[in-house]
Amino acid sequence: MDYSTECSCGKNKALVQLPQAIEEYQARECDCDFCVSYGLAYISDVKGTLSFSPRQTMHQLNQGSGQATFWQCSNCKDIVAVTHRDNGEERGAVVKTLLSKYTLQSSVKVSPKQLTSEAKPERWAMVWSKVVLE
Ligand SMILES: [Zn+2]
């Protein structure tokens, strides 16, 4: 099922394709300082896809171990998505607040900061959606 959304100012659009209805997903709420400060939780499905654009108007932020890229609207400062590129394949997750117009399950807490730098991409490869270009 396809779900489209945009950041607060509307400059950046995201399209999320999920194999199940979005109401069945629990966002993952990361407990690192960066995500907590922005109140970020993420939705993805390893069998789903994510696209967002236009990337040229977004800031790319790195934090913590620097392995993940956070995509921020340069205008309204919303974080839209997080991605990671591994072996030429980009995977990512969309930020839950962008999908707040849907009725979502309560989030579950996750703590990727406890994973090693080797284990993080392995974890993301199991839970994040494939990023596709529009
Ligand atoms: Zn914006």
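Following chains of ILVMFWY side-chain contacts shorter than 4.5 Å, one cannot reach V110 starting from V127, and the two form parts of different hydrophobic clusters. Linking Ile, Leu, Val, Met, Phe, Trp and Tyr whenever their side-chain heavy atoms come within less than 4.5 Å puts M1 and V94 in one cluster. In this structure, W128 is not a member of the same hydrophobic cluster as L115, with clusters built from ILVMFWY side-chain heavy atoms closer than 4.5 Å.
To the nearest 0.5 Å, atoms CG (L99) and CD1 (I43) are separated by 5.0 Å. To the nearest 0.5 Å, the span separating CZ on R85 from CD on Q67 amounts to 15.0 Å. Taken from CG in D78 to OG1 in T97, the straight-line distance is 6.0 Å, to the nearest 0.5 Å. The CD atom of Q63 sits 8.5 Å away from atom OG of S37, with the distance rounded to the nearest 0.5 Å. One distance of note links CD of Q17 with NZ of K47; it measures 12.0 Å at 0.5 Å rounding. Going from atom OG1 of T5 over to atom CG of N12 covers 11.0 Å, rounded to the nearest 0.5 Å.
Here S74 pairs with nothing under the side-chain hydrogen bond (donor to acceptor under 3.5 Å, both in side chains) rule; sequence neighbours left out. When the side-chain contact (heavy atoms from CB on, under 4.5 Å) test is applied to T103, the partners found at least two apart in sequence or on another chain are E23. For Q60, the side-chain contact (heavy atoms from CB on, under 4.5 Å) partners are T69, W71, not counting sequence neighbours. Checked against side-chain contact (heavy atoms from CB on, under 4.5 Å), N75 has the following partners two or more places apart in sequence or in another chain: C9, K11, C73. A search for salt bridge (Lys or Arg N to Asp or Glu O under 4.0 Å) contacts involving K96 returns nothing, not counting sequence neighbours. Applying the side-chain hydrogen bond (donor to acceptor under 3.5 Å, both in side chains) test to S129 and every residue at least two apart in sequence or in another chain returns nothing. Remark: E6 pairs with K13 by the side-chain contact (heavy atoms from CB on, under 4.5 Å) rule, at least two apart or across chains. Among residues two or more places apart in sequence or in another chain, the side-chain hydrogen bond (donor to acceptor under 3.5 Å, both in side chains) test is passed with Q20 by E24.
Between V36 and C30, the shortest heavy-atom contact is CG2-O, 3.9 Å. The heavy-atom pair separating S44 from R28 by the smallest distance is OG-NH2, 2.9 Å. V46 and M126 make their closest contact through CB-O, 3.3 Å (heavy atoms, listed as atom of the first residue, atom of the second, distance). When every heavy atom of Q26 is checked against every heavy atom of Q105, the shortest pair comes out as CG-CB, 3.6 Å. Residues E29 and S107 share a closest heavy-atom pair of OE1-CB, 3.6 Å. Of all the heavy atoms in V80 and A14, the pair that sits closest is CG1-CB, 4.3 Å.
For residues 12-36, the set of pairs meeting the ring pair (Phe, Tyr, Trp, His ring centres under 6.0 Å) definition, not counting sequence neighbours, comprises F34-Y38, F34-F70. Among residues at least two apart or in separate chains, salt bridge (Lys or Arg N to Asp or Glu O under 4.0 Å) pairs with a member in residues 54-75 are R55-E90. Residue pairs satisfying the ring pair (Phe, Tyr, Trp, His ring centres under 6.0 Å) criterion with at least one member in residues 72-96, sequence neighbours excluded, are listed as follows: H84-W124. Identified under the ring pair (Phe, Tyr, Trp, His ring centres under 6.0 Å) test for residues 90-118, with sequence neighbours left out: Y3-Y102.
The neighbour count for K101 NZ, taken as heavy atoms of other residues, nucleotides or ligands under 6.0 Å away, is above 12. Around atom CG of N62, more than 12 heavy atoms belonging to other residues, nucleotides or ligands sit under 6.0 Å away.
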Exercise for review: Let me see the working for L40 and V82 under side chain to side chain contact (heavy atoms under 4.5 Å, CB included), right down to the final yes or no.
Suggested key: CA-CA 10 Å; L40 299 178; V82 60; over 6 Å; no
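Between L98 and V16 the shortest side-chain heavy-atom distance does not fall below 4.5 Å.
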